[in-house]
Amino acid sequence: MDLRHLRYFLAVAETRNFTQAAASCYVAQSALSQQIARLEKDVGARLFSRTSRSVRLTAAGELLEPLARRILADVDNAQAALDALSGLRRGRLRLGLVQTRASSVDLVEVMADYHARYPGIDFHVTNAPSAQMAASVLAGDLDIAVVGLGPRQVPEGLDHLVLAVDPLVLVVPADHALADRDTVDLADLPESHQLIQFTRGSGLRRQVEAAFARAGVEPGQHFQVGQIHDMVRLAARGIGVTVVPRSSVFADSMPGTGPDPGASLPYGARALRVADDAAVHTICVVHDSKRLAPAAAAFLEVVERHAVRGQGDQSP
């Protein structure tokens, strides 16, 4: 089986379009179609069901897709391992990053430190919901990811390193009925409240919904936003209330430090402590130790070094 055939197959599987797949692979459409036909002959089954209007995977194609991804990822890792023999002078790091600063580890500094040590490594950074990025690491599409998932939420088969456990706070406008409190139970929210939620599938979304479930109340009407900063601003304008990590609203604080909830925020909002010790936003680095490419292993070492340094900075 030719590896090129697998790359062409995945291109079609992702685009569901032979013309677009051929363009992404820099080959003529006729050549790509011929290579797909050869792959179908090799595997002894049709991989795509094609009509004049659509292209979709057959049952055989759906079976082959994750296997093809893992095969190509293993080939890339093998090449990276060979490159490592020359001192990790070149290679690629496919990194997933969650949208949060809820960690004593400054990931920008981690990437800068890593690049200074290994300038020949190409960075490919992805930002997506945490569950999606963790699944991509498991599938071999990402080498390593920083996600907003707790240890119990990390998919089986992945290893993890906890970077932070950040308390959640309820952000309300200054004229809200609960704004004069320092601590609030989510069950105290009016039944008619509107909740400004983060992206579906994100770790933060899961943790917030779990906190409402523990309080025995429905989250309320949803207003979904893809940026935590915008969630806080919308809450300040009275669109609704929102629940976010404490470090995302107190710019100079890290988990376990900084101003107490109840303080005023920019834009006139108020942040209230949630009376639920389990209401936290956990940040983990996830990877597959059985398939860890040298470039990713080196990045994990840099993260661990910064994590130890960050813990030292927070010591009394």
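Predicted model only: the values in this text are computed from it and were never measured.
By the 4.5 Å heavy-atom criterion applied to side chains, V232 and I196 are not counted as neighbours. Residues F299 and V303 have side chains in contact (heavy-atom distance under 4.5 Å, counting atoms from C-beta outward). With a 4.5 Å cut-off on side-chain heavy atoms, V137 and V147 do not count as touching. Side-chain contact between T242 and L234: absent, with no pair of heavy atoms (C-beta onward) separated by less than 4.5 Å. L10 places a side-chain heavy atom less than 4.5 Å from the side chain of E65. Looking at heavy atoms from C-beta onward, V55 lies out of side-chain contact with N17 at the 4.5 angstrom threshold. Residues E209 and V243 are not in side-chain contact: their nearest non-hydrogen atoms beyond the backbone lie 4.5 Å or more apart. Under the 4.5 Å side-chain criterion, counting only non-hydrogen atoms from C-beta, R7 is not in contact with R4.
Remark: L204 CG to T199 OG1 distance equals 9.0 Å, nearest 0.5 Å. One finds the CG atom of L161 at 6.5 Å from the CG atom of L300 (value rounded to the nearest 0.5 Å). Atom CG of L163 sits about 7.0 Å away from atom CG of L107, to the nearest 0.5 Å. One finds the CZ atom of R206 at 12.5 Å from the NE2 atom of H281 (value rounded to the nearest 0.5 Å). Interatomic distance, CZ of R273 versus CZ of R246, reported as 7.0 Å (0.5 Å rounding). With values rounded to the nearest 0.5 angstrom, T183 atom OG1 is found 11.0 Å from D188 atom CG.
Surrounding NE2 of H124 are more than 12 heavy atoms belonging to other residues, nucleotides or ligands, all under 6.0 Å away. More than 12 heavy atoms of other shown residues, nucleotides or ligands fall within 6.0 angstrom of atom CZ in R50.
Looking only at distances, no side-chain donor or acceptor of Q197 sits under 3.5 Å from a matching main-chain atom of V208. Proximity of a side-chain donor or acceptor of Y114 to a complementary backbone N or O of E301 within less than 3.5 Å is not detected. A distance-only check finds no donor-acceptor pair linking the side chain of Q132 to the backbone of P129 [under 3.5 Å]. Under a 3.5 Å cut-off, the side chain of S248 and the backbone N or O of P245 do form a donor-acceptor pair. With hydrogens and angles disregarded, no donor-acceptor distance shorter than 3.5 Å links the side chain of H176 to the backbone of P173. A donor-acceptor contact shorter than 3.5 Å links the side chain of N127 to the backbone of L97.
Looking at every heavy atom in both residues, A269 comes nearest to A236 through CB-CB, 3.7 Å. Listed here is the closest heavy atom pair of L186 and A215: CB-CB, 4.0 Å. Taking all atoms of both residues into account, the shortest heavy-atom contact from A145 to M133 is CB-CB, 4.2 Å. Between G150 and Q207, the shortest heavy-atom distance links the atoms N-NE2, 4.0 Å. When all heavy atoms of Q20 and T15 are compared, the pair lying nearest together is OE1-CB, 3.9 Å. In this structure, A179 and R270 approach most closely via the heavy-atom pair O-NE, 2.9 Å.
Shown here are the salt bridge (Lys or Arg N to Asp or Glu O under 4.0 Å) partners of R214, two or more places apart in sequence or in another chain: D276.
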Next on the checklist: For E109 and H306: C-alpha separation, side-chain torsions, deciding distance, then whether side chain to side chain contact (heavy atoms under 4.5 Å, CB included) applies.
Outcome noted: CA-CA 9 Å; E109 289 299 317; H306 280 253; 4.2 Å; yes

Checklist entry - Could you walk me through whether R94 and D143 pass the salt bridge (Lys or Arg N to Asp or Glu O under 4.0 Å) check? => result CA-CA 5 Å; R94 299 167 302 171; D143 299 309; 2.9 Å; yes

Item to check | D113/R117 under salt bridge (Lys or Arg N to Asp or Glu O under 4.0 Å): CA gap, chis, key distance, verdict | outcome: CA-CA 6 Å; D113 186 2; R117 294 170 184 269; 2.8 Å; yes

Next on the checklist: Let's go through F212 and L195 carefully: what are the C-alpha distance in whole Å and the side-chain angles of both, what is the deciding distance for side chain to side chain contact (heavy atoms under 4.5 Å, CB included) to 0.1 Å, and is it a yes or a no?
Outcome noted: CA-CA 11 Å; F212 273 92; L195 180 64; 3.7 Å; yes

Checklist entry - Run the side chain to side chain contact (heavy atoms under 4.5 Å, CB included) check on I71 and L3 step by step: do they pass? => result CA-CA 9 Å; I71 289 170; L3 293 178; 4.1 Å; yes

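Of the charged side-chain nitrogens involved, none lies within less than 4.0 Å of a carboxylate oxygen, so that D74 and R70 do not count as a salt-bridged pair.
Partner V162 forms a side chain to side chain contact (heavy atoms under 4.5 Å, CB included) with one of T282, L149, I283, V285 and no other, that one being T282.
Ring geometry for F9 versus F48: interplanar angle of 30 to 60°, hence tilted.
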